[in-house]
There are 2 protein chains.
Amino acid sequence: MARAGVTAERLTRAAADLADEIGFQNVTVSALARGFGVRPAALYSHIEDAQDLRVRVAVLALAELADRAAAALAGRAGKDALVAFANAYRDYAKAHPGRYAAMQIELDSERLATSAGRRHAEMTRAILRGYELSEPDQTDAVRMMHSTFHGYVTLETAGGFSRHPRDVEASWSRTLDALDTVLRNWPPAA
Amino acid sequence: MARAGVTAERLTRAAADLADEIGFQNVTVSALARGFGVRPAALYSHIEDAQDLRVRVAVLALAELADRAAAALAGRAGKDALVAFANAYRDYAKAHPGRYAAMQIELDSERLATSAGRRHAEMTRAILRGYELSEPDQTDAVRMMHSTFHGYVTLETAGGFSRHPRDVEASWSRTLDALDTVLRNWPPAA
DNA sequence: CTCGCTTACTTACAGGCTTTAAGTATTTGC
DNA sequence: GCAAATACTTAAAGCCTGTAAGTAAGCGAG
C-alpha cells in the first residue's frame, strides 16, 4: 500500500487538466481518484467536498489567466494594450475550456477578493488609462469590456457563431476595433 | 392508482419553473417526478433521458424569449429598438435565471435551426437596419451585440459586478448608449 | 357494455457518484 | 525506535440515472 502522494495542489491541477479534456461538468471526485489510482474516499483528506474542488480549480484558472494577461499587457498602452489583453483572455479560454468553465462558478466575495479577481479588475482599469475616462464612466466601460470579452468567448466556444460563414477570427478583430472606437468616443451622460 | 396526467409539455414547463426556483443545475428527473407525485421511472415514458429534458427546457426558453423580444421590437427602430430588445433580453434573464441558464447548453444545429435561434438572429439583424451596415460589418456587429448582452447578463447574474458601488442598472444603460454610438460610427475595415 | 389494445405508471434492480465513519498502514519527528 | 500524525482502505447510506418487466387504467370497436 504505497502512498500515492496526493495533495490538494496536485488534485486541483489534475482536476483542471481533466476539465479541459472531458469538460468541467464531467469532472467528478471518483474520476479524479481513478486517475490517482486511489479510492474516492481518499480525496476527502485533501479537499472538503466536490464543491471545494471546483472552487479550487476556478481560483487556479483565474490566477493563470491573470498571469497571462499581465504578461500580455506589459509595455503596452492604448489600443495595443486592449487587443493584447483581449487576445490573452480569448486564447486562454480556447486553450483551456474546462478551466474557463470553472471560472464561471459563483465565488463567494471572500474568495474572490483574495484570489485573482481583483487583479483582473485592476488590469482592465489599467487599459482604460489610455482612454482618459473618469468615474463613473470608467466603471461602466470596465463592465462593458468584460461583458464583450466574456460574451464573445462563451458564445464562440458554445458554437453560437458557427452557423454563419463569416470568419469568427475576423469578427473578433472587428469587435475589438469597435470597442476601441467606443472607448475613444465614450458618449456623454444623458 | 389514478393517472397523474404527465405529458412532455407539462414536464418541460415544470422543469423550467423548477430551474428558475432552484437553479438549472439542480433540476433532476427525480425531483421533477416528486413534483408530479410519481416515480422517476414514469417520466421516461415522456422524455428520452435527462439530457432530452434539458434540451426541451432550452428550446422552450428560446421561444419565450423570442416572443418577448419580438413584442418589444414591434413598431420601434434605431436606438429605440436596440434598447427595447436589449432590455427584453436582460429582463427575461433576470426573471427566469433557470430558463436562461438552460439556453446556454449546446444545441445541435438541427434543433437550433428548427427552434427560435433563427428568430433571434433575424431580430438582431432587423435592429441593425436602422444603422445601415452592410456585410460583413453587419454580421460582426450582430456578434458583438449578442456578446455584449449575453456577457453583461451572465456576469451580472453571477454577481460579477456586485463588488463595486456603481449602480448596475446605470452601467447597463450606458453600455447600451455606447453600443448605439459604435453602431452609428462603425469603424472602417483596416 | 365488454373485450382487447395501447399507454401510464409501478416495482425491482443495476450501476454510478458523494460523503461519512471506522479501521489499517505508513511516515514523521522526537 | 516509538508515538503521534497522516494517508489510505473498506463499509455503508443516500441520492441519481436508466432499463426491464409487470399491473392497472383508459379507449376504441364490435
Side-chain angles (χ1 to χ4, degrees), chain A residues 1-60 98-99 101-102 104-108 111, chain B residues 1-60 98-99 101-102 104-108 111:
Chain A
M1 255 186 238
R3 297 199 175 188
V6 176
T7 67
E9 287 67 34
R10 284 192 195 182
L11 278 179
T12 305
R13 240 164 253 285
D17 291 345
L18 194 57
D20 286 337
E21 276 175 43
I22 66 173
F24 184 61
Q25 299 298 334
N26 301 319
V27 174
T28 64
V29 175
S30 295
L32 204 54
R34 240 172 269 134
F36 279 85
V38 141
R39 304 292 173 160
L43 303 196
Y44 290 88
S45 307
H46 307 281
I47 58 170
E48 252 183 57
D49 52 23
Q51 183 58 20
D52 177 45
L53 178 68
R54 291 184 204 110
V55 170
R56 283 170 189 268
V57 174
V59 171
L60 169 72
R99 283 167 159 88
Q104 310 314 321
I105 65 173
E106 291 188 48
L107 297 177
D108 43 79
R111 222 149 183 158
Chain B
M1 254 184 235
R3 299 200 172 186
V6 176
T7 67
E9 287 68 34
R10 285 193 194 181
L11 278 179
T12 305
R13 239 163 255 286
D17 291 344
L18 194 58
D20 286 337
E21 276 174 43
I22 66 173
F24 184 62
Q25 300 298 334
N26 302 318
V27 174
T28 64
V29 174
S30 295
L32 203 54
R34 239 172 270 134
F36 278 85
V38 142
R39 303 294 173 153
L43 303 196
Y44 291 89
S45 308
H46 306 281
I47 57 170
E48 255 183 55
D49 52 22
Q51 182 59 18
D52 176 44
L53 179 67
R54 290 184 205 110
V55 170
R56 282 170 190 268
V57 174
V59 172
L60 169 71
R99 282 167 160 88
Q104 311 313 323
I105 65 174
E106 290 187 49
L107 297 177
D108 42 79
R111 219 144 185 165

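All chains are named by letter (A, B, ...) in the order of the sequence lines, taking the proteins before the strands, and each is independently numbered beginning at 1.
- Contact check, A/Arg39 against C/dT24: no side-chain N or O comes under 4.0 Å of OP1 or OP2.
- Regarding B/Leu43, its CG atom lies at a distance of 13 Å from the P atom of D/dT19, rounded to whole Å.
- By the side-chain contact (heavy atoms from CB on, under 4.5 Å) test, B/Ala41 pairs with no residue at all, sequence neighbours left out.
- In this structure, A/His46 reaches the D/dC8 phosphate: one of its side-chain N or O atoms is under 4.0 Å from OP1 or OP2.
- Using a 4.0 Å cut-off, some side-chain N or O of A/Arg34 falls inside it from OP1 or OP2 of C/dC17.
- If you take CG of B/Leu53 and C1' of D/dT17, they are 12 Å apart, rounded to a whole angstrom.
- With rounding to whole Å, A/Ile47 atom CD1 is found 14 Å from D/dC8 atom C1'.
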So which protein N/O to nucleotides 19-23 of chain C N/O distances come out below 3.5 Å?
{"from": "C/dT19", "atom 1": "OP2", "to": "A/Tyr44", "atom 2": "OH", "distance (Å)": "3.0"}
{"from": "C/dT19", "atom 1": "OP2", "to": "A/Ala50", "atom 2": "N", "distance (Å)": "2.7"}

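- Note on A/Ser45: a base of the nucleic acid sits closer than 4.0 angstrom, heavy atoms only.
- Across the protein-nucleic acid pair, A/Asn26 atom CG and D/dT17 atom P stand 15 Å apart, rounded to whole Å.
- The two residues A/Ala102 and A/Val57 come nearest to each other via the heavy atoms CB-CG1, 3.6 Å.
- Taking the side chain of A/Ser30 as heavy atoms from C-beta on, and the options D/dT9, C/dC17, D/dC15, the nearest nucleotide is C/dC17.
- Of all heavy-atom pairs between A/Ala101 and A/Phe24, the closest is CB-CB, 3.8 Å.
- Across the protein-nucleic acid pair, A/Leu11 atom CG and D/dA7 atom C1' stand 12 Å apart, rounded to whole Å.
- Remark: A/Arg34 pairs with A/Ser30, A/Ala31 by the side-chain contact (heavy atoms from CB on, under 4.5 Å) rule, at least two apart or across chains.
- Here the side chain of B/Thr28 is nearest to one of C/dC17, D/dC15, D/dT17, namely D/dT17.
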| request: Using the side-chain contact (heavy atoms from CB on, under 4.5 Å) rule, take A/Asp17 and A/Arg99 through it: C-alpha gap first, then chi angles, then the decisive distance, then the call. | output: CA-CA 8 Å; A/Asp17 291 345; A/Arg99 283 167 159 88; 3.1 Å; yes

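- Considering B/Thr12, B/Leu11, B/Leu32 as possible partners of B/Ile47, the one that fulfils the side-chain contact (heavy atoms from CB on, under 4.5 Å) test is B/Leu11.
- Between B/Arg56 and B/Asp52 there is a salt bridge, since at least one side-chain N of the basic residue sits less than 4.0 Å from a carboxylate O of the acidic one.
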